[in-house]
Amino acid sequence: MPRGFPWNLHGLSKRVALSVMLDFDLKERVRTAVDLVDVIGASLTVVPKGRLLAARCPWHDDRSPSLTINRERQTWKCWVCDIGGDVFSFVMRRDGVDFPTALRMLAEQAGIEYKVGPKAEAGSKDDKATLLAAVKLVCDAYFEQLDAPRTDDARIARDYLAERGIDDEHRQLFRIGFAPDQWDFATGLLQRNRFQPDIAVACGVALQRQSGKGSYDLFRGRLMFPIHDMQNRPISMGGRLIPAIAERHGDHAGGKYINGPETKLFRKSQQLYGLQLAREAIRKGGQALVMEGYTDVIAARQSGIDPVVAVLGTALGEAHVKLLKRLASRVVLVLDGDQAGQRRADEVLELFVKAEADLRILTLPDGMDPADYLQEHGAEAMQRLVDHAPDALEHKLSSLTAGIDVTHDTHAVMRAIDTMTEILAKAPRMDPLKQDQILLRLSRTFGIGTDRLEQRLVEKRSDESARRQKAARFRNPPSRNTPGPGPASANNSKVGPPNRRDAEPIDPNRLLAECDPDAELPGSFDSFAADPFASGQAGSEPGSRRDAGRGNVASRKDREEPLSGIDRELFETMIESTEVAARAVEAIDPEWFDSLTAKMLLSGYQDLDLAGHDLGVENLLLLLENDFLKNEVVTLQFRVAQREGKVTVSPEDRFQAILEQYHRRQNIAEKQRQIAIIESAGLDESEELALLKQLFDGERHRQQFNR
């Protein structure tokens, strides 16, 4: 039976260290930019362990690696210590810091500006849920235009798509649409659906008029390719010219491809087209193919090559490689065989060195792009090229030495060595073994000793360091208003710019007090950090004013109780299926739970739902800031993964059975309550019989209803 915790769930969620305190979008950006394996590998040696990774746990005498790391889910777990979580909880435990400090540290590491502030107003241009809804509405409307063409232009677009070789199955899979050739299709659609006027520009489907009054559609008369995030939500889109429609506009038709602008939802340096569809194939095959266009990805999928994605109007960058490294050990960049493709291949070597990835380059022959090559030669020929693609270092060496006599052409050899060592010098950190192996390959190519090459590399690193320092001074010149050393004034005790919010110390207790005006501030931050479950219950010790009239508060041990029984089954089904999670948020009463842990996890799901976020477990982990709750979620993830493919009953059917079990328990509890009333009320015989009859009639009705 539920233990009757005295606080309502909404108030309770505001009193613990959840996302109420910090910007969810900031946490999401940091999580995307930082790789857990890199963070753990900075202090521990990470080794392969089956399909996962492992390290020696630093919190117990670990003689064999027992700290398990799941790169794809970005979670870690030590079963011996029964601790685990995500990258934030690892840094919190490793460095003994609170959540805000861990977030700040990781944000600085990722080069992300650390800002916290009030939650965006619902419906405003800063509200992520509103922008997501707006982009989805427009994408769905574009899809419907092409799915059931009602205009001549839409039929022209449908015919052109067929000419390009894209079949109907993949048109629907990628949700390809058509933007009508008019100035106000998207803006008018959003206006009719009561979005604020500035939402169209903020979500990337419109441009602001030069007059500053109103906006107009960015995409007109184009095939539309929605861009989705990893939760399969449309966050932006790209549009391709349709020749027959573009002819009407002559030189004003615009570029062949137009990508949506960067917005609060979309950052092209961190997104890859088609990744939400290719993720599982990449994970299973251990390899990702990166192409340069939407149609290349679609052509590859139609040919049966599934682990394929595309960059979005930008070169492959560090953030892309970090993202793919979480899913695969090998990344193959498939480039067009023209001169532009060759130049891009040269730029990738720096990524190969910096990211320490198995990054390979496939330059297609005869100036062909992937779609053309697949159409002419087929998927098997493409796969053979992929299998034999050289790594970025070999590709660069081949291009540098093409047509050079390395024995006699001293000037060309020195120029090539300088080029290679300059690229290596740009890597801020490099595994010593990898550096030795690269220098050995250079030595064999040019016939020069590794010691000489290492000496040249040291010189180039010194030059690179000087260049960076000079660039930093140029970017951040000393300010005449910066206060010098000396005693701080009474009004401004901090040294530095006076109006930077991110320079202020974070006081979670003050923020919690703002959430609950009746809460009293704890005496110190240490009490909050030591017991996050009690963070909003200042002065709630037995006998205190806040404790009066509500009975004894459960001990810390009771509150940090792992999930078990039916509660655990419920959250496992919610992790398996976001549809079940959405149903549970609506159908489950938190008073049915056996533990505060279950109440808090459901509260997390409710907060995500209210904010319009996807109910996937990744977002739940991102929302939670308490290390015990994070560990519980990771443990549930491992349990779900272990039984993958072994359970024949769907999550929806299991949820229905769980719901019925909760109802049975509540019925039993209600009967026991009524019997207790009968026994203690001192009723006469006729009143007792009437109550008993009422009880039996209710039970008979319930059994008939269940049949």
Side-chain angles (χ1 to χ4, degrees), residues 161 164-167 170-171 173-174 176 223 225-228 230 236-240 256-259 268-283 285-317 319-321 323-325 327-328 330-348 351-352 357-392 395:
L161 194 67
R164 295 285 299 176
I166 297 177
D167 61 31
H170 287 83
R171 175 186 64 80
L173 176 65
F174 286 89
I176 301 172
L223 281 173
F225 299 84
I227 301 164
H228 294 76
M230 291 289 273
S236 185
M237 59 198 82
R240 192 199 190 285
K256 183 193 294 186
Y257 283 99
I258 294 179
N259 283 304
K268 61 185 178 182
S269 64
Q270 297 177 6
Q271 248 91 33
L272 289 163
Y273 180 71
L275 184 56
Q276 85 283 2
L277 298 174
R279 174 171 51 183
E280 189 62 21
I282 291 172
R283 185 185 66 80
Q287 176 175 269
L289 274 60
V290 181
M291 297 182 178
E292 295 189 274
Y294 311 118
T295 54
D296 293 329
V297 171
I298 298 169
R301 295 279 304 202
Q302 286 188 185
S303 299
I305 301 175
D306 292 341
V308 58
V309 296
V311 289
L312 294 158
T314 183
L316 184 71
H320 296 135
V321 175
L323 183 61
L324 292 171
K325 273 177 62 183
L327 302 173
R330 191 172 187 245
V331 178
V332 181
L333 182 59
V334 183
L335 297 171
D336 298 353
D338 54 15
Q339 290 185 350
Q342 182 63 49
R343 287 194 301 272
R344 286 189 291 274
D346 291 346
E347 297 166 358
V348 171
L351 280 180
F352 172 80
D358 182 7
L359 184 57
R360 297 176 178 265
I361 308 294
L362 170 56
T363 302
L364 295 173
D366 304 325
M368 303 179 79
D369 63 27
D372 293 336
Y373 187 88
L374 284 165
Q375 186 174 12
E376 185 169 332
H377 299 284
E380 290 187 8
M382 172 71 83
Q383 191 59 56
R384 284 194 296 271
L385 292 178
V386 169
D387 292 342
H388 294 91
D391 68 20
H395 191 280

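Note that the numbering runs from 1 along the sequence shown for the chain. Remember, it's a predicted structure, so these values are computed and weren't measured experimentally. Side-chain atoms are counted along with the backbone in the values below, which use heavy atoms only and exclude waters and symmetry mates.
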Quiz item: Do the ring planes of Tyr294 and Tyr273 sit parallel (below 30°), tilted (30 to 60°) or perpendicular (above 60°)?
Solution: perpendicular

Quiz prompt | Modelled atom types, side-chain donor and acceptor of His320 and Thr314, under 3.5 Å | solution = no

Practice problem: Would you name the heavy atoms of Ala379 and Ser303 that are closest together and state the gap between them? | Solution: CB-O, 3.4 Å

Quiz prompt | Any side-chain heavy-atom pair of Leu374 and Ile305 under 4.5 Å | solution = yes

Quiz item: Is there side-chain contact between Val321 and Leu316, with at least one heavy-atom pair below 4.5 Å?
Solution: yes

Quiz item: Can you tell me how far CG of Leu335 sits from CG of Asp369, rounded to the nearest 0.5 angstrom?
Solution: 11.5 Å

Practice problem: State, with a plain yes or no, whether a side-chain heavy atom of Pro370 is found less than 4.5 Å away from one of Met382. | Solution: yes

Quiz item: How far does NZ of Lys325 sit from CG of Leu327, to the nearest 0.5 angstrom?
Solution: 12.0 Å

Quiz item: Side chains of Arg283 and Arg279: does their closest heavy-atom pair fall under 4.5 Å?
Solution: no

Quiz item: If every non-hydrogen atom of Gln287 is compared with every non-hydrogen atom of Val386, which pair is closest and at what distance?
Solution: NE2-CG1, 3.4 Å

Exercise. First locate atom CG of Leu362, then atom NE2 of His395, and finally report the distance between them rounded to the nearest 0.5 Å.
Key: 8.0 Å

Quiz item: Measuring from Ile227:CD1 to Leu275:CG, what's the distance to the nearest 0.5 Å?
Solution: 12.5 Å

Practice problem: Evaluate the criterion side-chain contact (heavy atoms from CB on, under 4.5 Å) for residue pair Leu161 and Arg171; output intermediate values, then yes/no. | Solution: CA-CA 9 Å; Leu161 194 67; Arg171 175 186 64 80; 3.7 Å; yes

Practice problem: Mark yes or no for whether Asp306, through its side chain, and Ala278, through its backbone, hold a donor-acceptor pair below 3.5 Å. | Solution: no

Self-check item: Full working for side-chain contact (heavy atoms from CB on, under 4.5 Å) between Leu323 and Gln270
Solution: CA-CA 8 Å; Leu323 183 61; Gln270 297 177 6; over 6 Å; no

Quiz item: Rounded to the nearest 0.5 Å, how far does OG1 of Thr363 lie from CD1 of Ile361?
Solution: 7.0 Å

Practice problem: Give, for atom CG of Leu223 and atom CE of Met237, the distance between the pair rounded to the nearest 0.5 Å. | Solution: 13.5 Å

Quiz item: Among all residues two or more places apart in sequence or in another chain, which pass the salt bridge (Lys or Arg N to Asp or Glu O under 4.0 Å) test with Arg240?
Solution: none

Quiz item: Ala381 and His377: which non-hydrogen atoms are nearest, and at how many Å?
Solution: CB-O, 3.6 Å

Quiz prompt | Side-chain touch Leu272/Val311, heavy atoms, less than 4.5 angstrom | solution = yes

Quiz item: Donor-acceptor pair, Gln302 side chain versus Gly165 backbone, under 3.5 Å?
Solution: yes

Exercise. Please determine which of Ile176, Val297, Ile298 meets the side chain to side chain contact (heavy atoms under 4.5 Å, CB included) test together with His170.
Key: Ile298

Self-check item: Contacts of Asp167 that satisfy salt bridge (Lys or Arg N to Asp or Glu O under 4.0 Å) - sequence neighbours left out
Solution: none

Quiz item: Nearest heavy-atom pair of Val309 and Gly274: which atoms, and what distance?
Solution: CG1-C, 4.0 Å

Quiz item: Do you know which two heavy atoms are closest between Ala319 and Ser269, and how far apart they sit?
Solution: CB-O, 3.3 Å

Practice problem: Of all the heavy-atom pairs spanning Gly293 and Ala310, show the shortest one and how long it is. | Solution: O-CB, 3.6 Å

Exercise. Report, as yes or no, whether the 6.0 Å neighbourhood of atom CD on Gln375 holds more than 12 heavy atoms from other residues, nucleotides or ligands.
Key: no

